[in-house]
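Because only heavy atoms are used, hydrogens play no part in the values below, and waters and symmetry mates are left out as well, while side chains stay in. First the proteins, then the strands, lettered A, B, ... as listed; each starts at 1.
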Amino acid sequence: MALSGVLRPGFVQIRVLDMAESIIHYRDRIGLDVVSTEDDGRVYLKAYDEFDRHSIVLRECDEAGLDMMAFKVSSEAFLDEYEEKLRADGFEVTPIAAGEQPGVGRRISFVAPTGHRFDLYVEMELSDNGPMTNNPDICQQDQRGMKAIRFDHCLLYGTDLDGTKKVFEEILGFSTAEVVVDDDTGMIIALFLTCSNKAHDLAIVRHEEDDKLHHVSFLVEDWNAIGEAADIMTRYDISRDIGPTRHGITRGQTIYFFDPSGNRNEVFAGGYHFYPDNPLRVWKASSVGKAIFYYERELNDRFMTVVT
Amino acid sequence: MNNKGFQVRVEGSDKVITCRENEPLLIAMERQGYARIPVGCRKGGCGVCKIRVTTGEFEVGKMSVKHVSEKERNENFSLACKTFPKSDLKFSLIKLKGKAINIGALGIDRKN
């Protein structure tokens, strides 16, 4: 198997202010299925084309934001290796017992230099409502809302971007596909990391505050699906940030909006395929407008400053 | 309230914003092209539209305690996106600390 080690973003746990409103948003508007509601109040959801039990976990709280992002790892041996390397590099690694989330095996957890908690795990139960595997239809049931295919990636904001880059590249085996750098100093301002053939699995922007969430992103089928998502946003008065538009970085077609607690979501389509031998793509900050919003060619203030 | 809605003013400004019943203050301001207030998530999570109500009655929706603590709520601090005027109202804008550091680095002029 060519792809091993960290396979992909597996799930995120998002803090929401109001669970009932959030379920309407993620289930009926984005189109996820509710998998279960547990005794501690957490609600587990998944997109229709995901094999694993869940990918989005909602936790009601009096503050919005991200509890953690978790990556799925291909084997226990890799998990042990990452644990050892993280500890050797001075990180505190917290073991999390199997079953802390339903259907999820043991996890290891660490806090990256940008203040974000990341979990790594190998096992998650397969969904009984996942993609078909025997003479498979496109999907098992009619789709709802924006018809999200899968949870895809996150963009996070924090101070020590270089520190988090180092952990993901040197310990977890990610590659950097693209960067935005300061014209004069070369300092990295934005970083697009991939553990796969995708243009990004995790993005980080340098920011004054640590542990901030910029957005949780879902893949949709194509440019038409983004237009349909935009229709849904207006019809249901969902708070929109920007789009439909396209990124220069990753080349993804996109629209950004907010969940009922102010956490930013994206639905996107397209983007190039990345291979680890690809040269690094570099954007100068003076061209960042085109890098982020290829059509507008300028940033909106909200995109750069509004986080949870 | 009459059928024109509540009359809302920012302290130090003569501009009158009309807020409909059950309409968040921020949305009323956006709808009327009032550009002085930062518009973020519009959902009580990001905190950029923080205000302090100086006169008037209002109700609030759910918002992150990180941005408006219990103590601040009692002192009439709020987020405009979760502030529902119940009378004519005056308020001041609260400039947040710790935002937008990378804007300068990205070569963008922050408009106030």
### Query
Taking everything shown except B:E57 itself, do over 12 heavy atoms lie less than 6.0 Å from its CD?
no
### Query
Picking from B:G61, B:C41, B:C81, B:G45, which has the most non-hydrogen pairs under 4.5 angstrom with chain A?
B:C41
#### Entry: Contact summary for B:S64 and A:A64, nearest pair of heavy atoms
OG-N, 2.9 Å
## Note on the structure
Distance col, row B:H67:NE2 vs A:T308:OG1, nearest 0.5 angstrom, shows 7.5 Å
### B:G40 versus A:V306, closest heavy-atom pair with distance
CA-CG2, 3.5 Å
### Query
What do you reckon, is OH of A:Y294 surrounded by more than 12 foreign heavy atoms closer than 6.0 Å?
no
### Heavy-atom proximity to chain B below 4.5 Å, by part of A:D184
neither
### Query
What's the spacing between B:L26 CG and A:S239 OG if we round to 0.5 Å?
8.5 Å
### Query
NZ of B:K66 to CD of A:E209: how many Å apart, nearest 0.5 Å?
5.0 Å
### Salt bridge present between A:E63 and B:K62 (N-O < 4.0 angstrom)
no
### Summary
Against chain B, residues from residues 14-27 of chain A with at least one heavy atom under 4.5 Å, in numeric order, are A:L17, A:D18
#### Entry: Under 3.5 Å: donor-acceptor pair, side chain of A:R302, backbone of B:V39
yes
### Task
Identify which part of A:S261 has an atom lying under 4.5 Å from any heavy atom of chain B, answering side chain, backbone, both or neither.
backbone
### Message
Between B:R42 and A:I238 (side chain of the first, backbone of the second, donor and acceptor by atom type, cut-off under 3.5 Å), is there such a pair?
### Response
no
### Query
Can you tell me if NZ on A:K166 sees more than 12 non-hydrogen neighbours from other groups inside 6.0 Å?
no
### Task
Taking atom CZ of B:R73 as the centre, report whether more than 12 heavy atoms of other residues, nucleotides or ligands fall under 6.0 Å from it.
yes
#### Entry: Heavy atoms of other groups near A:K290 NZ, more than 12 under 6.0 Å
no
